[in-house]
2 protein chains.
Amino acid sequence: MPRLVGQIDQVKSEAILDAASDVLGERGLGASIEAIARRAAVSKQTIYNHFGCKTALIEALVARRVSHITAPLRVSGAAEHPIETLTALAQTLIEIVSNVRAYSLIRVTVQGAGSMPELAKAVFEAGPATTRALIADYLAAETQAGRMAVDDPMEAAEFFAGMCSGHRQFRALMGMEVNADPDQIAHLAQTVAKRFFRAYAP
Amino acid sequence: MPRLVGQIDQVKSEAILDAASDVLGERGLGASIEAIARRAAVSKQTIYNHFGCKTALIEALVARRVSHITAPLRVSGAAEHPIETLTALAQTLIEIVSNVRAYSLIRVTVQGAGSMPELAKAVFEAGPATTRALIADYLAAETQAGRMAVDDPMEAAEFFAGMCSGHRQFRALMGMEVNADPDQIAHLAQTVAKRFFRAYAP
DNA sequence: GGTCAAATGGACTGATGCGTCCAAAAATCA
DNA sequence: TGATTTTTGGACGCATCAGTCCATTTGACC
């Protein structure tokens, strides 16, 4: 383990955040700092040395993960037929919503919405809001190019995202099992793309 | 206040549940029994006399509210054009998702998903699952009648519900403001119905 | 007016958990 | 090796809260 003079070990910080992610995911916001410390094989005091308080720890955790949420969501080839691009988009969105790991963190945010509302807003901005804007841009461009006919891109993007998440979001939040079979996700993504395109075809 | 011999006052039970709904909605699952007792203008002991323990209180609360969630959702005239029926359905669904009061309870369920998973499942069954089945039945009937072309009614129903909830569900869960302007809801419901019908027209 | 179930409220237990303190140990650097 | 910083682990204070206990009061019913 390398060490930087006068600085607190970065590697240990990461280990603590990993452990916090796991334990909070399992036990929810009620998980104790001690449990996180045990999981990280670190003393409780060390966590306080690194993060100051529980709220700061959770903020750091969310900030770190939040950038990963929409990272895989990129609009690839604009030259393809819209259905192909939409299928790829839907596939990524459904995978995100089916990712129990990502959602365990969102569940923590929901639990803490009362005590840390700014965190909830940050997650919303980084997640759904960014996603919607990205999809809306794509839809607007396709409409411009005459390949689709979307009058209200933001609204349509929200419909698209809603079709992708369906009940999966609800189930994930409730801690229920979510079907993450790759074949079924792929098939579902195709259907979403097909139906959505039909709803907004020129 | 009427009183029945040998029975615990029903009116007081209702008052307790109302107070619990309010306080839990504001403070989340962490709200204390004492706070609920204060709000209900009742002693803590009375709550225990009525419900036994906190978990039972929350179960009673959810059970009472859950029946209200899908109560307004009825498929009315099958003689109308599908778009009209779909608009009415969408309107009701959007109103439910925009109802902060109803969602404060769902937030409590999310918070308690770890400690009372069967409750989460019950809410899912009573809410989204029932809704989906109801919509799916309608879509199947319309397809049978040749007015729509829905190959997979359950899947389509989930798309429909997803379009209605959009980001509202997420925002409500996060404790963020949700636009509940009746005019905008009505307009949104029409758009959902129009686009959905286009996606599944014969 | 007397009876009895229910309500009250206040004290109490036990558990949990955040955050602090501190002296000893370990790791790092010079 | 010696100086410095971090880590450790355990004890501790403080607060909150679920749930219990109980003596007293209230109020509906006869």
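Within every chain, numbering begins at 1; the chains are lettered A, B, ... in the order of the sequence lines, protein sequences first and strands thereafter. No experiment lies behind these values; they were computed from the predicted model shown.
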Would you say A:Asn99 and A:Glu95 are linked by a side-chain donor-acceptor pair, where the criterion is simply a distance under 3.5 Å?
no
What I'd like to find out is whether the side chain of B:Val178 reaches to under 4.5 Å of the side chain of B:Tyr103, using heavy atoms alone.
no
To the nearest angstrom, the CD1-P distance between B:Ile47 and C:dT8 comes to 10 Å
Looking only at the side chains, is there a donor atom on one of A:Glu142 and A:Tyr200 sitting less than 3.5 Å from an acceptor on the other?
no
Please determine which of B:Val97, B:Leu173, B:Leu93 meets the side-chain contact (heavy atoms from CB on, under 4.5 Å) test together with B:Arg168.
B:Val97
Find out whether the Lys NZ or Arg CZ of A:Arg171 is both under 6.0 angstrom from the six-membered ring centre of B:Phe124 and within 45° of the ring's axis.
yes
May I ask you to list the residues of residues 35-43 of chain B, by number, that have any heavy atom positioned under 4.0 Å from an atom of DNA chain C?
B:Ala41, B:Val42, B:Ser43
Closest non-hydrogen atom pair between B:Leu61 and B:Ser21, with its separation:
CD1-CB, 3.9 Å
Could you check whether atom CZ of A:Arg39 has more than 12 heavy atoms from other residues, nucleotides or ligands sitting under 6.0 Å from it?
yes
Protein-nucleotide distance (B:Phe51, atom CZ; C:dA6, atom P), rounded to Å
15 Å
Can you build the contact string for nucleotides 10-23 of chain D? Use B for base contact, S for sugar-phosphate-only contact, and - for no protein heavy atom under 4.0 Å.
-------SSBBBB-
Give a yes/no on whether any side-chain N or O of B:His50 is located under 4.0 angstrom from OP1 or OP2 of C:dA7.
yes
Go through the steps for A:Glu14 and A:Arg64 under the test salt bridge (charged side-chain N to carboxylate O under 4.0 Å, His left out), then give the verdict.
CA-CA 10 Å; A:Glu14 289 292 313; A:Arg64 191 186 64 154; 2.9 Å; yes
